[in-house]
Number of protein chains: 2
Amino acid sequence: MTSTDEIRTMQGQIAEYLRLDILSGRLEPDQALREQEISERFGVSRGPVREVFRQLTQQGLLVSTPNKGVRVAQQPSPSMRPLIIELRQRIELYVLDRFFDQITKDDIVNLEGILTDIKDACRKGDKSTLVEHDLRFHKAIIESHENGDYIALWQPIALRMSIRYSRFGDDLMDSFYEHKRILDAIRSRDKAGAMEALKANIQ
Amino acid sequence: MTSTDEIRTMQGQIAEYLRLDILSGRLEPDQALREQEISERFGVSRGPVREVFRQLTQQGLLVSTPNKGVRVAQQPSPSMRPLIIELRQRIELYVLDRFFDQITKDDIVNLEGILTDIKDACRKGDKSTLVEHDLRFHKAIIESHENGDYIALWQPIALRMSIRYSRFGDDLMDSFYEHKRILDAIRSRDKAGAMEALKANIQ
DNA sequence: TAGTGGTCTAGACCACAGT
DNA sequence: CTGTGGTCTAGACCACTAT
C-alpha cells in the first residue's frame with residue numbers, strides 16, 4: 001500500500017494505474033474490466049491482475065459480481081451517502097478525541113509534507129491527485145498512535161465516499177485551507193478546534 | 001460466502017474450518033498460522049490457503065503483518081469497542097429505518113429459519129455456531145432490500161465485534177429471546193419496536 | 001457453443017525475518 | 001544462513017454467462 005511497494009511490484013503498478021483511472025473518471029462507472037485484457041496490456045499473467053481486482057474491490061473502487069467479473073464502482077447512492085459521512089466523522093473524531101495527546105512532532109512534520117502535496121494538487125486543479133493526498137492526510141491522523149487497527153474500519157468507508165465526488169468546484173484551494181486549519185489546530189494543541197475543523201472537512 | 005460454496009471448493013472448506021477454529025477459541029489469539037502447514041494439512045497448494053488468509057484478514061478474524069504472515073486476531077481493544085458498537089448500531093438502525101417497509105413475507109420466512117438455528121445453538125450451548133447464526137440474522141436484515149451495498153460497510157465492523165466476545169454466560173437463551181423480539185416486531189410491522197429491539201441486541 | 005471468471009497446481013525467484 | 005512470506009508464471013479444468 002506504500003508508494004514504494006507500488007512501483008516495485010507489478011501489482012503495485014497495475015493498482016496505481018487503475019486507481020488513478022477510476023478516481024480521475026477516465027474509466028466510466030459501471031464499465032466492465034476483463035482480466036485478460038488488463039493482463040495483456042501489462043504483459044503479466046492473470047494472477048497479479050486478479051489480486052489487484054481483489055484489492056480495489058475491497059477498497060470499494062470496483063464492484064465484483066460472481067461469474068461476471070468486476071465493474072467500476074458507481075458513487076454511493078444518495079440514500080447511502082448521509083450514513084457514510086456520519087460513519088466517517090464518528091471514526092475520525094473518535095480517534096482524534098482519544099489520542100490527541102499522543103500526536104508527536106514527527107507526526108506533525110509528516111502532516112506538513114502531505115499538506116504541501118495537497119496545496120500542489122489544488123493549485124494544479126488535479127482532482128484525482130488531490131483525492132489521494134486528502135485521504136493520505138486523514139489516514140496519517142488516524143495512524144498517529146499505536147493502539148488498535150482503526151484503519152481497517154475507516155478505509156472501506158472513506159474510499160467509498162471519495163468515488164467521483166468533490167464538494168469543490170474549479171477552485172480546489174478551499175480543500176487546502178480546510179486541511180491547513182486542521183493542522184494548525186493540532187500544532188497549537190487545540191483539540192476542540194481540531195475536531196471542529198476535521199468535522200467540517202468531512203462533508 | 002454461501003454455505004454451498006463453502007463445501008464445494010477447497011477454499012470454502014479451509015475457510016469454514018479456520019473460521020470455526022477461531023470463533024470457537026480452539027485457536028489462541030495471536031497464534032501464528034503458517035501457509036505451508038495449512039496447505040499440507042488440507043493437501044492443497046499454497047494458492048488457496050493464501051486466498052483464505054486474505055478473506056479472513058478482510059473479515060478481521062486474522063491479522064496480517066508484512067513478511068511475517070498472519071496471526072489469529074485478538075479482541076478489539078477496550079478503547080475501540082465502544083466505537084465499534086456505535087458504528088454497528090448506526091448502520092443497522094439506518095438501514096432498518098430506511099427500508100423497513102420493503103421487508104417482504106419471504107424475508108420474514110428467511111429470518112424465521114435463521115431464528116430456529118439460533119434457538120438450536122442456544123439450547124446446545126454452542127457459542128461459535130450461535131455467533132454464525134447471529135451474524136446471519138443481522139446480515140439478512142441488512143440485505144432484505146435491493147438498494148446499495150451496505151453489507152460492505154457492515155461486515156468488517158460486525159465481525160470484529162464478534163471475536164471471542166459474548167454478553168451471555170452459560171445460558172445463551174437470552175440471545176434467542178432478543179432476536180425473537182426483533183422478528184416479532186418486524187412481523188407486526190412495528191418499526192419503532194423493531195429498532196429498539198435491534199439496538200438493544202447490539203451491545 | 002464460445003467466452004470468461006473461479007479455482008487450483010507445481011513450480012520459481014526474491015525480500016525479509018529470525019537464528 | 002535458513003525459513004517463510006510475497007510475488008509471479010504458465011499451464012489446466014470446471015462452472016457459469018451470454019448468444
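Reminder, nothing fancy here: chain letters follow the sequence lines and each chain counts from 1. These figures come from a predicted structure and were not determined experimentally.
Here dT7(D) presents its P atom at 12 Å from CD1 of Ile14(A), a figure rounded to the nearest Å. Protein atom CZ of Phe42(A) is 17 Å distant from nucleotide atom C1' of dT7(D), rounded to whole Å. To the nearest angstrom, C1' of dG5(D) lies 16 Å from CD of Glu51(B). Atoms CD (Gln13(A)) and P (dC8(D)) sit 9 Å apart, rounded to a whole Å.
For the pairing with Asp21(B), the side-chain contact (heavy atoms from CB on, under 4.5 Å) check across Arg26(B), Glu16(B), Gln31(B) returns one residue only, Arg26(B). Residue Ile118(A) forms a side-chain contact (heavy atoms from CB on, under 4.5 Å) with just one option from Arg136(A), Glu132(A), His133(A), and that option is His133(A).
Once rounded to the nearest 0.5 Å, the distance linking CG of Leu183(A) with CG of Leu115(A) reads 6.0 Å.
Centroid-to-centroid, the aromatic rings of His179(B) and His138(B) come within less than 6.0 Å.
Cation-pi check for Arg98(A) over Tyr150(A) is not met; the charged atom does not lie both under 6.0 angstrom from the ring centroid and within 45 degrees of its normal. A cation-pi contact, defined as under 6.0 Å to the ring centre and within 45° of the axis, is absent between Arg41(B) and Tyr17(B).
In this structure, Glu178(A) pairs ionically with Arg167(A), as a charged nitrogen and a carboxylate oxygen lie closer than 4.0 Å. One finds no salt bridge joining Arg181(A) and Asp184(A) here, because no Lys/Arg side-chain nitrogen approaches an Asp/Glu carboxylate oxygen to under 4.0 Å.
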Item to check | Contact state string [nucleotides 14-19 of chain C, B base, S sugar-phosphate only, - no protein heavy atom under 4.0 Å] | outcome: --SSS-
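Annotation for Gln102(A): atom CD counts as buried by contact number, over 12 foreign heavy atoms lying within 6.0 Å.
With 3.5 Å as the limit, one finds no donor-acceptor pair spanning the side chains of Gln155(B) and Gln58(B).
Looking at which nucleotide of DNA chain D each of Ser64(B) and Val44(A) is closest to, the 5′-most match is held by Ser64(B).
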With the criterion being N/O to N/O and under 3.5 Å, what pairs connect the protein with nucleotides 10-14 of chain D, and how long is each?
unit_1  : atom_1 : unit_2   : atom_2 : d
dA12(D) : N6     : Arg46(A) : NH1    : 3.3

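Of the residues in residues 26-41 of chain B, those with a non-hydrogen atom less than 4.0 angstrom from any atom of DNA chain D are Leu33(B), Arg34(B), Glu35(B), Gln36(B).
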Checklist entry - Do Tyr94(B) and Met80(A) pass the side-chain contact (heavy atoms from CB on, under 4.5 Å) test, and can you show the C-alpha distance, the side-chain angles, and the key distance before you say yes or no? => result CA-CA 9 Å; Tyr94(B) 186 92; Met80(A) 206 192 307; 5.7 Å; no
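The nucleotide whose nearest atom lies closest to any side-chain atom of Arg50(B) is, among dG6(D), dC8(D), dC8(C), dG6(D).
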